[in-house]
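To start, the structure under review is shown below, and the notes come after it.
Computed from heavy atoms alone, side chains included, the values below leave out hydrogens, waters and symmetry copies. Being a predicted model, the structure only gives us computed values, none of them experimental.
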Amino acid sequence: IKPYLVITSITEYEETYVVPKQKRDLLRLLKEEKVMEFNQYRRLNPEPLNFSEIDLSMLNLEGIDLSDCILDRAHLEHTNLRYAKLNNVSLRGARLTATILEYADLSNADLGNATLENTNFFHAVLIGVNFWGVIAKSVNFEKITIRKEDLQRMPPWIRDNILKQSPQVI
């Protein structure tokens, strides 16, 4: 098994990978928390972006649109993703410790093998989310939107936690 590379900053990410200028500009927008400019670019260029292993910890990315992006093994500790659009995003093996995902839309997101500790999904949309292999501790699932069939396809300990905090399921 090949160990994955831990990228500690956007600059290090750029130095480690050959990053085209267009993607380098997007990385700078993320680092500088320029959500409106990033989202404007995504509206004009909706293709999926691969930001695997990137460190976006401790950033305010409220309202960001990262739909269809790949953020596998990304570091999102203490990141504000309130109201974010994360539809069809891949967050496999990502670290979401103390991440704020209030009112975020994670429809059909893949959180397989992610670490969720003190993660806040208050009022988030979790329809079709993959939770298999997740390591979770003290996760807030209050008032989430999820379907019954999604609950049947998830690990029992996540399902029980969700039903305890959000007993009404659509």
Separation of [Y] [atom2] from [X] [atom1] (nearest 0.5 Å):
| X | Y | atom1 | atom2 | value |
| --- | --- | --- | --- | --- |
| Leu56 | Ile64 | CG | CD1 | 8.5 Å |
| Asn108 | Ser90 | CG | OG | 12.5 Å |
| Asn118 | Lys137 | CG | NZ | 7.5 Å |
| Leu26 | Lys31 | CG | NZ | 15.0 Å |
| Met58 | Thr99 | CE | OG1 | 11.5 Å |
| Leu106 | Leu91 | CG | CG | 7.0 Å |

Test side chain to side chain contact (heavy atoms under 4.5 Å, CB included) applied to Leu96 and Leu111, step by step: CA-CA 10 Å; Leu96 299 160; Leu111 295 174; 3.9 Å; yes

Same cluster (ILVMFWY, side-chain, under 4.5 Å), [X] and [Y]:
| X | Y | result |
| --- | --- | --- |
| Ile100 | Val139 | no |
| Ile146 | Trp132 | no |
| Leu81 | Ile144 | yes |
| Trp157 | Phe141 | yes |
| Tyr83 | Phe38 | no |

For Lys85 and Ser67: C-alpha separation, side-chain torsions, deciding distance, then whether side chain to side chain contact (heavy atoms under 4.5 Å, CB included) applies. CA-CA 6 Å; Lys85 291 181 183 176; Ser67 295; 3.7 Å; yes

Given Asn130 and Met154, is the side chain to side chain contact (heavy atoms under 4.5 Å, CB included) satisfied, shown in steps? CA-CA 7 Å; Asn130 171 30; Met154 65 178 49; over 6 Å; no

Is the number of heavy atoms from other residues, nucleotides or ligands under 6.0 Å of Gln40 CD greater than 12?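 Result for CD/Gln40: open.
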
Check: [Y] main-chain N/O paired with [X] side-chain donor or acceptor under 3.5 Å:
| X | Y | value |
| --- | --- | --- |
| Arg42 | Asp65 | yes |
| Asn80 | Leu59 | no |
| Lys23 | Phe51 | no |
| Arg73 | Ala94 | no |

Glu117 and Thr97 side chains, donor-acceptor separation under 3.5 Å: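 There is no such pair between these side chains.
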
Between Asn120 and Glu102, does any side-chain donor sit less than 3.5 Å from a side-chain acceptor?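 Yes, side-chain donor-acceptor contact under 3.5 Å.
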
Return the orientation label for the Phe122 and Tyr103 ring planes: parallel under 30°, perpendicular over 60°, tilted otherwise.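 Ring orientation, 0 to 90° scale: perpendicular.
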
Test Val134 against Asn113 for side chain to side chain contact (heavy atoms under 4.5 Å, CB included), laying out the working first. CA-CA 4 Å; Val134 163; Asn113 300 314; over 6 Å; no

Verify side-chain hydrogen bond (donor to acceptor under 3.5 Å, both in side chains) between Asn60 and Glu33, making sure each step is shown before the conclusion. CA-CA 6 Å; Asn60 179 7; Glu33 301 176 338; 5.2 Å; no

Tell me, do [X] and [Y] make a side-chain contact under 4.5 Å, heavy atoms counted?
| X | Y | answer |
| --- | --- | --- |
| Ser57 | His75 | yes |
| Ile54 | Leu27 | yes |
| Leu151 | Leu163 | yes |

Which atoms form the tightest heavy-atom contact between Leu66 and Val89, and what is the distance?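 Smallest interatomic distance, heavy atoms only, reads O-CG2, 3.7 Å.
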
Is Asp110 salt-bridged to Arg92, cutoff N-O under 4.0 Å?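 Yes.
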
Between Asp150 and Arg147, does any side-chain N to carboxylate O distance fall below 4.0 Å?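 Here Asp150 pairs with Arg147 in a salt bridge, since their nearest N and O are under 4.0 Å apart.
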
Among Leu86, Leu116, Leu126, which residue satisfies the side chain to side chain contact (heavy atoms under 4.5 Å, CB included) criterion with Leu101?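 Exactly one pass, corresponding to Leu86.
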
